[in-house]
Number of protein chains: 2
Amino acid sequence: MKKEMEISYLHLNSKQVRRLIQNMPPEQDLYELADLYKMFADSTRVRILAALQRKELCVFDLAALLGISQSALSHQLRILKQAKLVKSRREGKIIFYSLADGHVESIFKQGLEHVRE
Amino acid sequence: MKKEMEISYLHLNSKQVRRLIQNMPPEQDLYELADLYKMFADSTRVRILAALQRKELCVFDLAALLGISQSALSHQLRILKQAKLVKSRREGKIIFYSLADGHVESIFKQGLEHVRE
DNA sequence: CAAACATATGAACAAATGCTCATATATAGT
DNA sequence: ACTATATATGAGCATTTGTTCATATGTTTG
């Protein structure tokens, strides 16, 4: 009987690796995680979210503030809304966007901490 | 003299919006933030990072574990390494990869919390 | 209702991304 | 030195992504 080895190399059948597989988050969660972070993976969207951290803003102000076209902004807002990261409310002609919940802010802050070392 | 209005619409010159701009994180940080989250924005990379959360693994085991080609994995590991999210150490022919620091884990967990509501 | 304003959307296109295939590099064993 | 093993890398390709341009939708005002 060989005794257990401590290396993991080519040990896909060993207890260690089987346990590792079982302890991994469900595949589904990992795909959703990637989808969530995709929202933060574009500088335009990150800048939008950063601006909305302070207060709600209308599309026109957001576009001017970030220096991007109304159309590009609108496309990105739609994406962020589908991902439930922002919400909107209408007031007459104007539509105000704001962050959907606190998670966005905490994800944001966590990332900044890492970036700033 | 008009008195201050409470709506923000078309108020790019107002105090409110000027303050908002000043309070935003520096542009540079936002670009780096997007680059950081790009690493988490692909399901292959997320799965790699998830596997490495438990323990270091060699390329061969990782590929088998995740069911992806050695080449695809190697390309992604290079990307993750350049982003300083993983590190590697050689032991003979074998190269073991592990997470570079605790930030990866906390970013990971934070995202999962959001995904799981 | 017509005109002006605020935002949304579809098509088209360029750039970025992730994979595969073939090949290169590095190490170990004989 | 030769071969096998483990990992890395470059080129090519298909897919995805973000933008622009033109146009559509919705809302207020005269």
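What you see is a predicted model; the values in this text were computed from it and never measured. Order of the sequence lines sets the chain letters (A, B, ...), proteins ahead of strands, with each chain counted from 1.
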| task | Measure the distance from CD on A:Glu91 to C1' on D:dT27 and round it to the nearest whole Å. | result | 13 Å
| query | What pair of heavy atoms forms the shortest contact from A:Gly111 to B:Leu36, and how long is it? | reply | O-CD2, 3.8 Å
| Side-chain N or O of A:Arg90 closer than 4.0 Å to phosphate OP1/OP2 of D:dT27 | yes
| Tell me: CD1 of A:Ile94 to P of D:dT29, nearest whole Å? | 10 Å
| field | B:Leu52 and B:Tyr97, any side-chain heavy atoms less than 4.5 Å apart | value | yes
| Considering only heavy atoms, which members of residues 35-44 of chain B lie under 4.0 Å from some atom of DNA chain C? | B:Lys38, B:Asp42, B:Thr44
| field | Side chain proximity check, B:Ile68 to B:Leu62, heavy atoms < 4.5 angstrom | value | no
| said: Check this one for me: any side-chain N or O of A:Arg45 less than 4.0 Å away from OP1 or OP2 of D:dT17? | reply: no
| task | Would you mind reporting whether B:Leu30 and A:Phe108 have side-chain heavy atoms less than 4.5 Å apart? | result | yes
| remark: Which of D:dT27, D:dT5, C:dT7 is nearest the side chain of B:Lys93? It is D:dT5
| Can you list, by residue number, the residues of residues 70-83 of chain A that have a non-hydrogen atom closer than 4.0 angstrom to DNA chain C? | A:Gln70, A:Ser71, A:Ser74, A:His75, A:Arg78
| query | Any link between A:Ile21 and B:Leu73 through a network of hydrophobic side chains (Ile, Leu, Val, Met, Phe, Trp, Tyr) touching at under 4.5 Å? | reply | yes
| query | Less than 4.5 Å apart, any side-chain heavy atom of A:Pro26 and any of B:Arg116? | reply | yes
| message | Between P on D:dT19 and CD1 on A:Ile68, what's the gap in Å once rounded to a whole number? | response | 7 Å
| query | Roughly, in whole Å, what's the span from CG in B:Leu57 to C1' in D:dT7? | reply | 15 Å
| field | salt bridge (charged side-chain N to carboxylate O under 4.0 Å, His left out) evaluation trace for B:Lys109 with B:Glu113 | value | CA-CA 6 Å; B:Lys109 279 180 182 163; B:Glu113 269 176 40; over 6 Å; no
